Amino acid sequence: MPELPEVEVIARGLDASVTGRTVESVTVPGLTRLSEPEETLVPKVLGRSIVRAWRRAKVLLMELDNGSTLAFHLKMTGRVVHGPARAAEKHDRILFHLDDGSLLSFADMRKFGYVRCFERGELDCWDFLCKVGPEPLETAPEVLAERVTGRNCAIKALLLNQSVVAGVGNIYADESLFRAGLNPETRGSRVGRKRAVLLFTELQAVLRQAIDENGSSISDYVNAHGNAGAFQNSFNVYGRKGQACNQCGGQLRAVTVAGRTSTFCPKCQRRR
DNA sequence: CCAAGCACCTGACGGC
DNA sequence: TGCCGTCAGGTGCTTG
């Protein structure tokens with residue numbers, strides 16, 4: 001699934017290509033279980049034009065000209081792509097036909113994702129966004145560090161917890177822990193202030209680099225124009241269990257933390 | 001309060 | 001070839 005960098009890249013691409021376009025018609029091959037029902041969703045969108053697209057946490061947002069906002073959560077395999085008109089494909093869940101003849105599609109193979117439309121003012125009351133923590137690229141590392149030091153959970157679990165910091169998923173948690181030399185199982189309470197500041201400084205660097213490289217494509221992710229990202233070629237640890245550490249040459253290992261596979265270097269990321 | 005486990009889905013891949 | 005188990009970028013609910 002798209003984490004913060006992937007959703008950011010999609011949002012920027014959409015903001016550049018669909019802003020000003022009007023939704024002329026909508027076809028619904030079959031919405032996902034967590035989506036808003038077609039009967040209420042479609043009337044809110046029909047005839048509206050798109051004002052802007054942006055991101056908060058891992059949620060893709062598109063504001064419409066009546067003040068309502070479309071919200072997409074892509075979860076593991078969701079895609080939102082803008083391109084030329086085409087016939088519906090197997091995993092398409094909803095298709096927005098725009099006034100220039102182009103198509104905005106939401107597809108999701110595993111159906112975990114969803115799309116909902118919030119009317120003016122409702123977005124600010126959405127429980128999900130209200131609970132989400134600060135944006136890691138808009139918050140000082142020193143401030144973020146305070147949110148993990150002193151807590152008894154594993155540092156990896158804290159990074160994945162969206163109320164601690166927004167937008168971090170399994171890839172960027174593992175990559176930032178490696179860069180900071182922190183073992184994923186280390187408790188927040190055992191991470192010193194200085195090391196915690198380093199962790200969030202490295203998290204910012206890794207997120208910025210991933211955005212610059214158009215995100216990470218493992219199998220499903222593509223940007224708003226259907227293109228794969230390149231940051232997967234820069235992974236130090238994610239998905240590299242058994243391979244050699246880029247820093248010390250030792251063999252990378254994997255453990256399960258917070259229910260997720262966590263790949264790390266036992267030499268460069270010692271437990272403390 | 002916290003952590004662990006599982007549920008939600010489909011598809012790809014490896015082993016037999 | 002096919003069947004079975006395992007795993008996958010996330011979140012939310014239940015259980016202990």
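Keep in mind that what you see is a predicted model, and the values were worked out from it rather than measured.
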Side chains of [X] and [Y]: closer than 4.5 Å at any heavy-atom pair?
{"X": "A/Leu103", "Y": "A/Leu98", "value": "no"}
{"X": "A/Lys58", "Y": "A/His73", "value": "yes"}
{"X": "A/Pro136", "Y": "A/Leu4", "value": "yes"}

How many whole angstroms separate atom [atom1] of [X] from atom [atom2] of [N]?
{"X": "A/Tyr172", "N": "C/dG10", "atom1": "OH", "atom2": "P", "answer": "10 Å"}
{"X": "A/Tyr221", "N": "C/dG10", "atom1": "OH", "atom2": "C1'", "answer": "17 Å"}
{"X": "A/Tyr238", "N": "C/dC7", "atom1": "OH", "atom2": "P", "answer": "13 Å"}
{"X": "A/Asp220", "N": "C/dC7", "atom1": "CG", "atom2": "P", "answer": "18 Å"}
{"X": "A/Asp174", "N": "C/dA8", "atom1": "CG", "atom2": "C1'", "answer": "14 Å"}
{"X": "A/Leu74", "N": "C/dG10", "atom1": "CG", "atom2": "C1'", "answer": "11 Å"}
{"X": "A/Ile218", "N": "B/dC13", "atom1": "CD1", "atom2": "C1'", "answer": "16 Å"}
{"X": "A/Trp126", "N": "C/dT11", "atom1": "CH2", "atom2": "P", "answer": "10 Å"}

For residues 166-182 of chain A, run the donor-acceptor check on the side chains, cut-off 3.5 Å, and write out each pair with its distance to 0.1 Å, sequence neighbours left out.
residue, atom, partner, partner atom, Å
A/Asn170, OD1, A/Lys156, NZ, 2.7
A/Asn170, ND2, A/Thr261, O, 3.0
A/Tyr172, OH, A/Glu6, OE2, 2.6
A/Tyr172, OH, A/Ser216, OG, 2.6
A/Asp174, OD1, A/Lys156, NZ, 2.7
A/Asp174, OD2, A/Thr263, N, 2.9
A/Glu175, OE1, A/Asn236, N, 2.8
A/Glu175, OE2, A/Asn236, N, 3.3
A/Glu175, OE2, A/Val237, N, 3.0
A/Glu175, OE2, A/Tyr238, N, 2.8
A/Ser176, OG, A/Tyr172, O, 2.7
A/Ser176, OG, A/Ala173, O, 3.1
A/Arg179, NH2, A/Gln209, OE1, 3.0

### Query
Would A/Val59 and A/Trp126 count as a side chain to side chain contact (heavy atoms under 4.5 Å, CB included) if you check the C-alpha gap in whole Å, the side-chain angles of each, and the deciding distance to 0.1 Å?
CA-CA 12 Å; A/Val59 182; A/Trp126 185 17; 4.0 Å; yes
### Message
Between A/Val165 and A/Thr139, does the side chain to side chain contact (heavy atoms under 4.5 Å, CB included) criterion hold? Intermediate values first, please.
### Response
CA-CA 10 Å; A/Val165 55; A/Thr139 310; over 6 Å; no
#### Entry: DNA chain B: stems of at least 3 consecutive Watson-Crick or G-U pairs whose donor-acceptor distances fall under 3.5 Å
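Stems found: B:2-8 with C:10-16, B:10-16 with C:2-8.
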Hey, does the side chain of [X] come within less than 4.0 Å of [N]'s phosphate (OP1/OP2), counting only N and O?
{"X": "A/Lys58", "N": "C/dT11", "value": "yes"}
{"X": "A/Gln162", "N": "C/dT11", "value": "yes"}
{"X": "A/Thr77", "N": "C/dA8", "value": "no"}

Between [M] and [N] - [atom1] atom distance, rounded Å:
{"N": "B/dG5", "M": "C/dT6", "atom1": "P", "value": "15 Å"}
{"N": "C/dG5", "M": "B/dC6", "atom1": "P", "value": "15 Å"}
{"N": "B/dG11", "M": "C/dT11", "atom1": "P", "value": "22 Å"}

### Task
Report which part of the nucleic acid A/Thr32 touches: base, sugar-phosphate, or nothing (heavy-atom distance under 4.0 Å, all strands).
nothing
### Message
At 4.0 Å (heavy atoms only), tell me whether A/Asp108 reaches a base, stays on the sugar-phosphate, or touches nothing.
### Response
nothing
### Message
Is there a continuous path of hydrophobic side-chain contacts, each under 4.5 Å between heavy atoms, that joins A/Leu203 to A/Val164?
### Response
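Hydrophobic grouping puts A/Leu203 with A/Val164.
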#### Entry: Whether A/Phe96 and A/Phe72 hold their rings parallel, tilted or perpendicular, with breakpoints at 30° and 60°
perpendicular
#### Entry: Sequence-aligned protein contact record of nucleotides 6-11 of chain B, with B where the base is within under 4.0 Å of a protein heavy atom and S where only the sugar-phosphate is
--BBBS
### Task
Go through the side-chain N and O atoms of A/Ser49 and A/Asp65 and say whether any donor and acceptor fall under 3.5 Å apart.
yes
#### Entry: Residues A/Asp99 and A/Arg21 bridged, charged N to O under 4.0 Å
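Looking at A/Asp99 and A/Arg21, the cut-off is met.
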